[in-house]
Amino acid sequence: MASGRSGRSGGFGESGEDIEVRDPVSAPDAEGKARRTTRRFPLFTRDTARPEGGGRAAPRDAPAPARQWPVLAVLALVGLGLLLTALDLFRVGILLVGLALLAGGVLRWLLPDVGMLAVRSRFTDIVTYGVLGLAIALLALMVQPDPLLVIPFLKDTLHFTVSS
């Protein structure tokens, strides 16, 4: 018998006996040959797909920090921004955090491999880093007192929602 066994059926009205599956064939594996399998989910996940661009940013023989330099550069800028914020330079620190996220989006866009900076698809990462970085940078510029950026319609919106 050249067929595989799928285990308990659990189907409609069946008594729970084993059923035969006739030559199920999956998509080709890593070596390019089709293998016999069932349609059941595997008990253990053996591999996950790396995001596009999620390869090492430096050769395999380079030390670990050099292989992940894009994410380390972004994290170093964020850390410096948080340190400046803790040292009472709020506007400069938060602006640096926003610029670090924008730099992460630019790195994700320009470099083919960015290591752990790649989380999802290239488009999703660029949009996420860009929107969050821009929002944080704009909010840092608009923080009170003495904002560097004043957007008139926001002041009108605030007065429209809060009555004194």
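- The hydrophobic clustering, which links ILVMFWY residues whose side-chain heavy atoms are closer than 4.5 Å, places Val143 and Ile136 together.
- Pairing each heavy atom of Leu111 with each of Arg122, the nearest pair is O-NH1, 3.1 Å.
- Using modelled atom types, no side-chain atom of Asp125 and backbone atom of Ala118 make a donor-acceptor pair closer than 3.5 Å.
- Leu148 CG to Leu138 CG: the interatomic distance, rounded to the nearest 0.5 Å, is 11.5 Å.
- Val114 approaches Gln68 most closely through the heavy-atom pair O-OE1, 4.3 Å.
- Under the 4.5 Å side-chain heavy-atom criterion for Ile, Leu, Val, Met, Phe, Trp and Tyr, Leu77 and Leu107 are members of distinct hydrophobic clusters.
- The two residues Leu84 and Val92 have their closest heavy-atom pair at CD1-CG1, 4.0 Å.
- Taking every heavy atom of both residues into account, Leu141 and Arg91 meet most closely at O-NH1, 3.4 Å.
- Linking ILVMFWY residues whenever their side-chain heavy atoms come closer than 4.5 Å, directly or via other members, leaves Val106 and Trp69 in distinct clusters.
- Residues Val71 and Val74 are not in side-chain contact: their nearest non-hydrogen atoms beyond the backbone lie 4.5 Å or more apart.
- A pairwise comparison of heavy atoms in Ala140 and Leu95 identifies CB-N, 3.7 Å as the closest pair.
- When all heavy atoms are compared, the tightest approach of Arg108 to Arg120 is NH2-O, 3.2 Å.
- Of the inter-residue distances, the one linking Leu89 atom CG with Ile94 atom CD1 reads 11.0 Å to the nearest 0.5 angstrom.
- Judged by distance alone, with hydrogens and angles left aside, the side-chain atoms of Tyr129 form a donor-acceptor pair with the main-chain N or O of Leu117 at under 3.5 Å.
- Here CG of Leu134 is found 9.5 Å from CG of Leu139. Values are rounded to the nearest 0.5 Å.
- Leu75 CG to Leu80 CG: the interatomic distance, rounded to the nearest 0.5 Å, is 12.5 Å.
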